[in-house]
Amino acid sequence: MDATLLARCTGARLERARLFADALSAGMAFYGIDTPMRQIMFLPNLGHESGRLEYTTELWGPTPAQSRYEGRADLGNTQPGDGKRFRGHGLIHITGRANHAAVRDRLRARFPDVPDFVAEPEKLAETQWAALSACDYWDMRGLNAVADLGNFDYVCDIINRGRATPAVGDSNGWADRLALCEAARKALGLA
């Protein structure tokens, strides 16, 4: 996928799309995110989660929600300071010590020279790893099969809520995700 098409599908500035185009193209090819429907489901979510490819590290307030990262066993945040240290990294914002370890291990099983994202969580924000971790997350959640059904709300629920919900449009940032999806549909010729 070239940078111009990536920018149209994610809402990104062309400069940011150029930065990620090669890494995302390679990751999408490796993980089979290779049909227009899958890309229509994947790329708008990346655009939303990363602020249109601008942020590979979660902006830190901390907000009330971010304050609750601290000490959360379900995220593996067991050490003082883990909440901020293991805030979201990558284009899909992998959050928590346990999730940083899981993506490290999954990527190491597939690729050489993967950094230790527990020892150096900020490495997950680097272009190559930010892109590959997003593709790997998509694969880990089995989202190619979900995307093939064409249900954008279902995909957004899995990415944002961790599970499908009965309500339509209840994902965080739904209106933005939907607008990006419509732009991706047009860009990829499925409008």
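Counting from 1, the numbers follow the sequence of the chain as shown. What you see is a predicted model; the values in this text were computed from it and never measured.
- Side-chain atoms of Thr127 and Phe20, non-hydrogen and from C-beta on, do get closer than 4.5 Å to each other.
- Looking at Arg97 and Leu75, their side chains never come closer than 4.5 Å, going by heavy atoms from C-beta outward.
- One distance of note links OG1 of Thr56 with NE2 of His93; it measures 6.5 Å at 0.5 Å rounding.
- By the 4.5 Å heavy-atom criterion applied to side chains, Phe152 and Ile40 are not counted as neighbours.
- With sequence neighbours excluded, the residues satisfying side chain to side chain donor-acceptor pair (under 3.5 Å) with Arg106 are Asp136, Asp139.
- Taking hydrophobic clusters as Ile, Leu, Val, Met, Phe, Trp and Tyr residues chained together by side-chain heavy-atom distances below 4.5 Å, Met140 shares a cluster with Trp129.
- Taking each heavy atom of Asp34 and Arg38 in turn, the nearest pair found is OD1-NH1, 3.5 Å.
- The pair Glu126-Lys123 meets the salt-bridge criterion, with a side-chain N (NZ, NE, NH1 or NH2) lying under 4.0 Å from an Asp/Glu carboxylate O.
- No side-chain heavy atom of Phe30 sits under 4.5 Å from any side-chain heavy atom of Cys135.
- Salt bridge absent: Asp157 and Arg163 never bring a charged side-chain N and a carboxylate O closer than 4.0 Å.
- No side-chain donor-acceptor contact under 3.5 Å links Asn77 to the backbone of Glu70.
- Asn151 and Met41 get closest at one heavy-atom pair: N-CE, 4.0 Å.
- Note that the CD1 atom of Ile94 and the CD atom of Glu49 stand 9.5 Å from one another [nearest 0.5 Å].
- The shortest heavy-atom contact between Tyr154 and Val146 is CD2-CG1, 3.0 Å.
- Ser133 is not listed as a side-chain neighbour of Leu91, based on a closest heavy-atom distance of 4.5 Å or more.
- Side-chain atoms of Leu180 and Arg52, non-hydrogen and from C-beta on, do get closer than 4.5 Å to each other.
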Check: Between Val103 and Tyr137, does a side chain to side chain contact (heavy atoms under 4.5 Å, CB included) hold up when you go through it step by step?
Finding: CA-CA 8 Å; Val103 75; Tyr137 177 88; over 6 Å; no
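- Asn160 places no side-chain N or O within donor-acceptor distance of the main-chain N or O of Cys156, the cut-off being under 3.5 Å.
- Asp170 is linked by a side chain to side chain donor-acceptor pair (under 3.5 Å) to Thr165, counting only residues two or more places apart in sequence or in another chain.
- Taking CZ of Arg104 as the start and CG of Asn99 as the end, the distance is 12.0 Å to the nearest 0.5 Å.
- Applying the side chain to side chain donor-acceptor pair (under 3.5 Å) test to Trp138 and every residue at least two apart in sequence or in another chain returns Asn144.
- The side-chain contact (heavy atoms from CB on, under 4.5 Å) test applied to Gln39 returns Met1, Met28, Ile33, Leu43, Leu188, not counting sequence neighbours.
- To the nearest 0.5 Å, atom CG of residue Asp113 and atom CG of residue Leu107 are 12.5 Å apart.
- Taking all atoms of both residues into account, the shortest heavy-atom contact from Phe111 to Leu132 is CZ-CD2, 3.8 Å.
- In terms of hydrophobic clustering, with Ile, Leu, Val, Met, Phe, Trp and Tyr side chains grouped at heavy-atom distances under 4.5 Å, Leu6 and Leu190 are assigned to a common cluster.
- Screening residues 182-191 for side-chain hydrogen bond (donor to acceptor under 3.5 Å, both in side chains), with sequence neighbours left out, gives no hits.
- Heavy atoms only, all atoms of each residue included: Arg177 and Asn172 are closest at NE-O, 2.8 Å.
- For the side chain to side chain contact (heavy atoms under 4.5 Å, CB included) criterion with Arg87, the lone passing option out of Thr95, Thr57, Leu59 is Thr57.
- Residues Phe42 and Leu143 are not in side-chain contact: their nearest non-hydrogen atoms beyond the backbone lie 4.5 Å or more apart.
- Here the side chains of Phe86 and Gln79 are not in contact, with every heavy-atom distance at 4.5 Å or above.
- Of all the heavy atoms in Ala187 and Cys9, the pair that sits closest is CB-SG, 3.9 Å.
- Every residue two or more places apart in sequence or in another chain that forms a ring pair (Phe, Tyr, Trp, His ring centres under 6.0 Å) with His89 is listed here: His100.
- Here the CG-CG distance, from Leu19 to Leu14, works out to 11.5 Å after rounding to the nearest 0.5 Å.
- No continuous path of ILVMFWY side-chain contacts below 4.5 Å connects Ile92 to Tyr55, so the two sit in separate hydrophobic clusters.
- The structure places CG of Leu53 at 10.0 Å from CZ of Arg13, a figure rounded to the nearest 0.5 Å.
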